[in-house]
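These numbers were taken from a predicted model, which means no experiment stands behind them. Residue numbering restarts at 1 for every chain, and letters A, B, ... go by the order of the sequence lines.
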Amino acid sequence: MQYWLFKSEPDTWSWDQQVAKGEEGEEWHGVRNYQARNNMRAMKIGDRGFFYHSNIGKAVVGVVEVCALSHPDSTTDDPRWDCVDIKAVEPLKRPVTLDEIKADPRLAEMVLVKNSRLSVQPVTEAEWKLIRELGGL
DNA sequence: GCCAACGTTGGC
DNA sequence: GCCAACGTTGGC
């Protein structure tokens, strides 16, 4: 089991919209970055991830699960771009903001801090547990 | 809305 | 294969 973090601008696709999709889940399309795509290709069914709101809110707001392996992105004919499907599992009891993450030395090595532009990123088990705790889970 | 950081593209 | 130009992301 590996852990990940998915970034989305809530204006484009929010946690609420993800929750509304329920068990069906949603294709994480639109990624046009090789590193992010490679991360999705490495995902397995049942892997867990954080759902992060960028720009507005700037916080981890929920937990998602990978429910379909990497497949061609339906929004493009370009064969380079693949994506997985994810479904909402549970919200954090309280969002963990970027400010909090940056303020915690234990999270200083997070990709979110180190490479803030990568939209799909790996999360270590230690980071996973800590953010869940900070989020009241 | 600005701009720094970063990734991608394309000419050479 | 290098690198300048350009586009995009995302924090502020």
Side-chain angles (χ1 to χ4, degrees):
Chain A
M1 157 92 72
Q2 285 188 270
Y3 303 104
W4 309 96
L5 183 144
F6 297 85
K7 276 200 305 209
S8 183
E9 294 187 36
D11 275 353
T12 307
W13 183 255
S14 70
W15 170 250
D16 286 345
Q17 285 171 287
Q18 184 68 52
V19 169
K21 276 282 178 175
E23 283 296 304
E24 186 192 340
E26 174 75 4
E27 187 183 76
W28 201 254
H29 53 234
V31 171
R32 300 291 181 265
N33 170 284
Y34 293 107
Q35 250 185 296
R37 181 208 62 188
N38 291 344
N39 286 335
M40 287 199 282
R41 285 184 174 174
M43 290 178 191
K44 298 192 172 61
I45 300 282
D47 276 2
R48 293 283 169 109
F50 287 129
F51 193 105
Y52 175 81
H53 276 168
S54 63
N55 284 321
I56 303 168
K58 281 178 291 178
V60 175
V61 291
V63 173
V64 295
E65 183 175 310
V66 175
C67 62
L69 292 176
S70 179
H71 57 81
D73 183 331
S74 72
T75 61
T76 177
D77 290 332
D78 192 327
R80 289 178 299 172
W81 306 121
D82 295 338
C83 61
V84 297
D85 291 8
I86 59 173
K87 66 181 182 186
V89 174
E90 59 183 341
L92 298 195
K93 292 213 174 70
R94 45 169 226 98
V96 177
T97 65
L98 182 61
D99 284 348
E100 288 176 82
I101 289 170
K102 283 186 164 172
D104 194 320
R106 292 168 297 177
L107 296 172
E109 294 301 314
M110 269 194 85
V111 181
L112 193 65
V113 177
K114 291 264 167 175
N115 180 5
S116 64
R117 293 191 45 190
L118 186 60
S119 61
V120 179
Q121 29 179 281
V123 171
T124 67
E125 191 172 357
E127 291 161 355
W128 179 261
K129 286 179 174 165
L130 187 52
I131 290 178
R132 281 180 60 91
E133 276 176 33
L134 293 173
L137 294 181

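Note on ring orientation: taking the six-membered ring where Trp is involved, the planes of A:F51 and A:W28 are perpendicular (angle over 60°, cut-offs 30° and 60°).
Side chain of A:N39 to main chain of A:V120: a donor-acceptor pair is present (N/O by atom type, distance under 3.5 Å, no hydrogens or angles).
A:E100 and A:T97 are linked by a side-chain donor-acceptor pair at a separation below 3.5 angstrom, with hydrogens and angles left out of the test.
Residues passing the side chain to side chain donor-acceptor pair (under 3.5 Å) test with A:D77, sequence neighbours excluded: none.
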How does protein contact run along nucleotides 3-10 of chain B, one letter per nucleotide 5' to 3', with B for base contact, S for sugar-phosphate only, - for none, heavy atoms under 4.0 Å? --BBSSS-

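At whole-Å resolution of the value, CG in A:N55 and P in C:dC12 are 11 Å apart.
Residue whose closest nucleotide on DNA chain C sits further toward the 5' end, between A:D99 and A:G30: A:G30.
Between A:Y52 and A:W15, the ring center distance fails the sub-6.0 Å criterion.
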